[in-house]
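First up is the structure itself, then whatever we jot down about it.
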Amino acid sequence: MRSGKITYRLVIFILALIFGLGFSMPSFLQSQSGHKISLGLDLQGGLHMLLGVQTDEALASKVKSVASSIRYFTNKNDILVDSLKIEPDAVKLTILDGDDAKKINEMLKSIKGLDVKQDALSYTITLTEQEKIDTQKYAVDQAVETIRNRLDQFGLAEPTVAKQGEKDILVELPGIKTVADEQRAKDLIAKAAHLQLMALDDKRQDQAQSISAADAAAYGDVIYPDVKNQNFKYLIKDIPVLDGSMLVDARVAFDNQTNSPIINFTLNAEGARIFGDFTGSNVGKRLAIVLDGKVYSAPVINERIGGGSGQISGGFSVEEAHDVAIALRSGALLAPVKMLEKRSIGPSLGQQSIDQSMVALAGGAILVVLFMVIVYGLAGILANIALVVNILILVAIMALFGATLTLPGMAGILLTIGMAVDANVIINERIRELLKQGQSVSVSIQRGYENAMSAIVDSNLTTLITSAALYAYGTGPVKGFAVTMSIGIIASMLTAILGTHGMFEFLTKKIENSKNTVLWFGYKIRKVA
């Protein structure tokens, strides 16, 4: 062993120290620049919500989608239809020409999950039981992804959106401080953003203000209110021309004449084709743009509209237009969500949690530091230096990856402190054993690290496996605990083993010259008789 020399181990340790200092300081100082750790809901306050997904609505939407596909197919292939109606859980179709039955049957077979019953020229089309289960499950999974996408675009840092049970969704939004921000976030989450382009029933529109929903249904219509005036109603064909599933983009723009915010939307290739065909064959009629059951505009079709683009205008504020565009871009919710539970966690409670956590963290760290110094002397101080670097690296890596620190995460840091010095406890005990056997200081240090390595690696590896399992199957706070534990363990392999070994190598000559093993290792060498 080269004594009093700067070895590669010490160089790596010094570089780790510089890295830790450089990237952890923005988090410790809370500076405006640089990567910083985000505080979780339990530390900085925010909004906790439990949402229930109304999956039955997803089934109704699926049935409507099937009806839209049937109508488009019959129109495109000039199939004469006597009636096409939507019932709560079925589509009923009657055709006039038996020669068209083969085409209809082939088309229906191409749609997965349909149970088709045919009686002469009449069809009753429902979803199979398996398709109902799959549709409801997909509605919940899609709601999780859609809500997460909306919140990411909304600009919230580290929101938690996770499935809980079969039909519920847990949402946690750190940093929501004002009532206005809370309401805006809730509106964005709950907005179905279900865009539909639908044909007005021009023949009966003059009855829209007085007709009942039941009478409208008898004509195959639905009644929707105007977005600006809830008292004004529109009578609209209940089978949409197309819906938001064919939308690929939505952006805020401004009307050239009024300079008010509008939303420009773009359809995919299939939607553009359907839109073009419909507008081309319905010139002079009106098309309603419906968003979440409200009519935003109902312009007259003057000519065929190609290109698959359109606009929504409805007296939006800039903020409303921005949020609606986000909701449209991230996709419509297949099923609406309802609030089951809501808790607002104030920043004062978060600050109290931070204060209490810092007391626990500081107290635990001080006790560990004192223990190492009292029991192992200057070797304990070297272990404490490695511990400080370990914490700096942990904070730096979490800041670089934009991790969120929660109360369980702080518990993970505290546990990391204990586990980081645990490696040095094993190493120092091995060194003491070798000194007791009469080995020299240099040999005791070298072989002490070699003998301790297998036990340290095994214990850290098993802890890492446990942390990986917690991260894979846990949610929110549990994941935070697993992340801090994993990073801390990996960092301890660098600091507690490589770092302290490098420092011992640099100081070996000095230790041997001092001949004071009590000072350096807390152990007095006794001569072997």
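Reckoned from all heavy atoms, side chains included, excluding hydrogens, waters and symmetry mates. In this chain, residues are counted from 1 in sequence order.
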Gap separating the [atom1] atom of [X] from the [atom2] atom of [Y], nearest 0.5 angstrom:
| X | Y | atom1 | atom2 | value |
| --- | --- | --- | --- | --- |
| Leu50 | Ile169 | CG | CD1 | 9.0 Å |
| Lys163 | Leu170 | NZ | CG | 13.5 Å |
| Ile239 | Ile70 | CD1 | CD1 | 8.0 Å |
| Lys167 | Leu340 | NZ | CG | 12.0 Å |
| Ile301 | Arg304 | CD1 | CZ | 11.5 Å |
| Asn268 | Arg273 | CG | CZ | 9.0 Å |

Quick check: closest heavy atoms across [X] and [Y], and the distance to 0.1 Å?
| X | Y | value |
| --- | --- | --- |
| Val395 | Ser27 | CG1-CB, 4.0 Å |
| Ile262 | Phe254 | CG1-N, 4.0 Å |
| Ile147 | Val171 | CG2-CG2, 4.4 Å |
| Ile211 | Ala216 | CD1-N, 3.8 Å |
| Gly22 | Pro26 | O-CD, 3.7 Å |
| Ala396 | Phe23 | CB-CB, 3.6 Å |

[Y] and [X], any side-chain heavy atoms less than 4.5 Å apart:
| X | Y | result |
| --- | --- | --- |
| Val91 | Val63 | yes |
| Leu96 | Leu121 | no |
| Leu127 | Asp89 | no |
| Ile393 | Ile391 | no |
| Leu470 | Phe481 | yes |
| Ile189 | Leu173 | yes |
| Asp82 | Ile95 | no |
| Leu195 | Val290 | no |

Quick test of your reading of the model: are [X] and [Y] salt-bridged, counting only N-O distances below 4.0 Å?
| X | Y | value |
| --- | --- | --- |
| Lys109 | Glu106 | no |
| Asp201 | Lys237 | yes |
| Lys233 | Asp226 | no |
| Lys137 | Asp134 | no |
| Lys85 | Glu87 | no |

Whether the side chain of [X] engages the backbone of [Y] through a donor-acceptor N/O pair (distance < 3.5 Å, no angle test) should be reported.
| X | Y | result |
| --- | --- | --- |
| Glu341 | Arg343 | no |
| Ser68 | Val241 | no |
| Arg204 | Leu235 | no |
| Ser69 | Ser65 | yes |
| Asn282 | Lys285 | no |
| Arg148 | Val161 | yes |
| Asn77 | Ile79 | no |
| Arg286 | Ala298 | yes |
| Asp221 | Ala217 | no |

Can you say whether the rings of Tyr234 and Phe232 are parallel (under 30°), tilted (30 to 60°) or perpendicular (over 60°)?
-> perpendicular
Stepwise side-chain contact (heavy atoms from CB on, under 4.5 Å) check, Leu392 with Leu21 | CA-CA 6 Å; Leu392 292 176; Leu21 281 172; 3.8 Å; yes
Over 12 non-hydrogen atoms of neighbours within 6.0 angstrom of [atom1] in [X]:
| X | atom1 | value |
| --- | --- | --- |
| Gln230 | CD | yes |
| Asp206 | CG | yes |
| Lys342 | NZ | yes |
| Tyr138 | OH | no |
| Lys294 | NZ | no |

Has Arg251 got its NZ or CZ under 6.0 Å from the middle of the six-membered ring of Phe265, at an angle within 45 degrees of the ring axis?
-> no
Start with the C-alpha distance between Lys64 and Ile86, add both sets of side-chain angles, then the distance that settles side-chain contact (heavy atoms from CB on, under 4.5 Å), and finish with yes or no.
-> CA-CA 7 Å; Lys64 257 189 182 179; Ile86 298 176; 3.5 Å; yes
Just checking, is any N or O donor in the side chain of Ser309 or Thr266 under 3.5 Å from an acceptor N or O on the other one?
-> no
Donor-acceptor pair between Ser212 and Asp215 side chains, under 3.5 angstrom | yes
Show the numbers, then the answer: is there a side-chain contact (heavy atoms from CB on, under 4.5 Å) between Ile289 and Leu197?
-> CA-CA 5 Å; Ile289 297 176; Leu197 304 185; 3.8 Å; yes
Check the pair Val116 / Thr126 against side-chain contact (heavy atoms from CB on, under 4.5 Å), numbers first and verdict last.
-> CA-CA 7 Å; Val116 180; Thr126 58; over 6 Å; no
